**Student:** 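One structure is given below, represented as structure tokens, and several questions about it will come after.
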Amino acid sequence: MDKKQNWNSSLGFILASAGSAIGLGAIWKFPYIAGQYGGGAFLLEFVLFTLIIGLPLLMTEFSIGQTGGTYSTAIFGKLTPNKIMNGIGYLGNITAFILYSFYSVIGGWIIIFIGYYLLGSVGLIKEDIGFFPYMTTSPWLSLLGQFLFIAVTGHIVSSGIENGIEKASKVMMPLLLLLFMIIVVRSLTLDGAMAGVKYFLVPRFEDLSVEGTLYAMGQSFFALSLGTTGMITYASYTKQETNIFSSAGWIVMMNLLVSVLAGLAIFPAASALGIKAEAGPGLLFIVLPQLFSKLTFGTGFYILFLILFLFAALTSSISLLELNLSNVIKGREDKRRSAALWLSLAVFIAGIPAALSFGVLNKVKFGAGTIFDNMDFMVTNIMMPLGVLLTTLFAGYVMKPEQLQRVMPKGFHFWYALIRYVLPVVIIIVFISQLMG
């Protein structure tokens, strides 16, 4: 590698990594699943699994990244004489590319919706919840939103690690938490809000199920953005003196906090206003507009919520693009801007079928459903679990123990035993359940 860029501070690394982990799923799917499978009982499961599964796996990817200190398609071969191990990095690279190509479609919807509601807030148009199906079926609006989302992501990444990704993360992550706090406070002050709080937080052990437990297990590492080697890439930019164990701890805590805040933002308000919450895009684009329309200054609060979702989407997409870009430029920072441009263009083109899946291509269905659904299924149910499994097996059976012990001297033997004997079994169980589900 030529001149290697690094994070300017541990805080920048933590915020960028937390931003990568905190995506749309943590906000629009996790609260609904928690409420469905036992409320506080599910949360207890999720916290436990995150600490004994997610945290060790995050530490494993951080250890590989900091020890190897290079881009992900070369790092596995650098840490072992067997260059075929670099295939794990290539798998992660492909996974991130496909994920970004359809994730950008949702990010584009958010941008279009923000513009739509801003125009409505100044009286230029009449807000209408029927705009969502119109937007998703309109090829021009879908593609415009996707293009703008990719352009914003590309601009941030093209500015570099310290001046682009780190600066953006230091702004967006604190603002994301601040916006959450504002919306949670507003939600909790509504009459009847406590019923929603109880539904979300009070343990209902009778509602626990095998399906819910398997979801909690899978979410414990998917929610930390593991399986694409993105965390390995971010850790490769750390200085050797950076304490990756404490960094991983902070990232886990921030992820858990956002998951809880999402539930406290949605369920109390939904309960108070008699609106049924749901998971996925319907929550953001159909349920929440109805919910906020019943509040004083509701449009303003909804726009804040949209901006919050946009920050969550951007901080995740930044890591996906950076992973691909790092493998293209291979440390040649003078190539960063041009590579970011061409990669962004490639992602946009690859994402066009996903963007049109709800409109002109909505009759093209096979396997899991639409083109968008199949891309989602392939990444979420196959490629990410496989990436996590291969990375864990590499750390436990291919890397030399002393390579790992260097970055985590305390509690190493317990962590190493988890990597070798426990985590692969857990990942395989989740893998099989994802395929059968």
Side-chain angles (χ1 to χ4, degrees), residues 21-58 180 183-184 187-188 190 192-226 251-284 286-288 291 312 376 380-381 384-385 388 418 422-423 425-437:
I22 298 169
L24 297 177
I27 303 175
W28 73 19
K29 186 175 183 181
F30 177 82
Y32 174 81
I33 298 295
Q36 182 181 1
Y37 291 111
F42 179 88
L43 282 175
L44 288 173
E45 276 192 330
F46 177 64
V47 170
L48 179 64
F49 287 141
T50 299
L51 294 177
I52 64 175
I53 298 173
L55 180 58
L57 287 173
L58 181 60
F180 249 134
I183 293 169
V184 167
S187 182
L188 292 176
L190 296 171
M194 284 305 107
V197 175
K198 290 179 181 178
Y199 178 73
F200 179 56
L201 292 182
V202 173
R204 301 189 308 278
F205 292 101
E206 67 276 10
D207 289 340
L208 288 177
S209 67
V210 173
E211 182 182 3
T213 299
L214 287 172
Y215 180 83
M217 290 172 62
Q219 192 68 7
S220 69
F221 56 85
F222 288 140
L224 293 171
S225 193
L226 303 172
I251 292 162
V252 165
M253 283 193 290
M254 289 179 67
N255 196 59
L256 292 173
L257 174 64
V258 166
S259 298
V260 172
L261 288 175
L264 292 177
I266 294 165
F267 282 115
S271 175
L273 299 173
I275 293 176
K276 182 176 174 60
E278 60 179 78
L283 171 68
L284 177 60
I286 299 175
V287 175
L288 288 181
L291 192 156
D376 186 9
T380 306
N381 295 54
M384 286 182 71
V388 174
L418 281 176
V422 178
L423 298 183
V425 175
V426 170
I427 296 167
I428 289 171
I429 292 173
V430 172
F431 199 169
I432 293 172
S433 70
Q434 293 270 69
L435 289 175
M436 294 179 64

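Computed from a predicted model, the values in this text were never measured in an experiment. Any value given below was found using the heavy atoms of this structure, including those in side chains, with hydrogens, waters and symmetry copies removed.
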**Student:** How would you list, by chain and number, every residue that makes a side-chain contact (heavy atoms from CB on, under 4.5 Å) with Leu288, sequence neighbours excluded?
**Tutor:**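 So Leu288 forms a side-chain contact (heavy atoms from CB on, under 4.5 Å) with Leu283, Leu284, Leu291, Phe292, Tyr302, Phe305, Phe309.
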**Student:** Taking only residues two or more places apart in sequence or in another chain, which ones pass side-chain contact (heavy atoms from CB on, under 4.5 Å) with Ala272?
**Tutor:**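 So Ala272 forms a side-chain contact (heavy atoms from CB on, under 4.5 Å) with Leu190.
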**Student:** What pairs meet the side chain to side chain donor-acceptor pair (under 3.5 Å) rule with one or both residues in residues 23-42, with sequence neighbours excluded?
**Tutor:** Tyr37-Glu211
**Student:** To check you understand the geometry: which heavy-atom pair defines the closest contact between Val430 and Met217, and what is its length?
**Tutor:** CG2-CB, 3.9 Å
**Student:** Under the rule for ring pair (Phe, Tyr, Trp, His ring centres under 6.0 Å), what residues qualify as partners of Phe431, not counting sequence neighbours?
**Tutor:**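 Ring pair (Phe, Tyr, Trp, His ring centres under 6.0 Å) list for Phe431, sorted by chain: empty.
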**Student:** Just jot down the ring pair (Phe, Tyr, Trp, His ring centres under 6.0 Å) partners of Phe30, sequence neighbours excluded, or say none.
**Tutor:**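 In terms of ring pair (Phe, Tyr, Trp, His ring centres under 6.0 Å), with neighbours along the sequence ignored, Phe30 is linked to Phe42, Phe46.
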**Student:** Tell me the closest heavy-atom pair linking Leu55 and Leu224, and the distance in Å.
**Tutor:** N-CD1, 4.2 Å
**Student:** Donor-acceptor pairs under 3.5 angstrom involving side-chain atoms of residues 192-201: please list them, not counting sequence neighbours.
**Tutor:**
from	atom 1	to	atom 2	distance (Å)
Tyr199	OH	Gly35	O	3.2

**Student:** Looking at CG of Leu43 and CG of Leu48, how far apart are the two atoms once the value is rounded to the nearest 0.5 Å?
**Tutor:** 12.5 Å
**Student:** Which residue pairs satisfy the side chain to side chain donor-acceptor pair (under 3.5 Å) criterion with at least one member in residues 43-57, sequence neighbours excluded?
**Tutor:** Glu45-Thr213
**Student:** Atom CD1 of Ile432 and atom CG of Leu214: how far apart are they, to the nearest 0.5 Å?
**Tutor:** 10.5 Å
**Student:** Quick one, Leu58 with Phe221, criterion side-chain contact (heavy atoms from CB on, under 4.5 Å). Give me CA distance, side-chain angles, the key distance, then yes/no.
**Tutor:** CA-CA 8 Å; Leu58 181 60; Phe221 56 85; over 6 Å; no
**Student:** Does any part of the side chain of Tyr215, heavy atoms only, come nearer than 4.5 Å to the side chain of Val210, both counted from C-beta?
**Tutor:**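 A side-chain contact is absent here, since even the closest heavy-atom pair is not under 4.5 Å.
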**Student:** For the residue pair Thr380 and Pro385, what are the closest heavy atoms and their distance?
**Tutor:** O-CD, 3.3 Å
**Student:** Quick one: list whatever passes side-chain contact (heavy atoms from CB on, under 4.5 Å) with Leu51, sequence neighbours left out.
**Tutor:** Val47, Val252
**Student:** If every non-hydrogen atom of Leu188 is compared with every non-hydrogen atom of Pro268, which pair is closest and at what distance?
**Tutor:** CD2-CG, 3.8 Å
**Student:** How far apart are the closest heavy atoms of Ser187 and Ala269, and which atoms are they?
**Tutor:**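 What the structure gives for the nearest pair is OG-N, 3.0 Å.
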**Student:** Please table the atom pairs, donor to acceptor, closer than 3.5 Å between any side-chain atom in residues 256-264 and protein atoms at least two apart or in another chain.
**Tutor:**
from	atom 1	to	atom 2	distance (Å)
Ser259	OG	Asn255	O	3.0

**Student:** How would you list, by chain and number, every residue that makes a side chain to side chain donor-acceptor pair (under 3.5 Å) with Ser225, sequence neighbours excluded?
**Tutor:**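 Here the qualifying residues are Ser20.
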**Student:** Enter the distance from Leu57:CG to Ser220:OG here, rounded to the nearest 0.5 Å.
**Tutor:** 7.5 Å
**Student:** Which atom names give the shortest non-hydrogen contact between Pro31 and Ala26, and what distance separates them?
**Tutor:**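 The pair with the smallest heavy-atom distance is CD-O, 3.7 Å.
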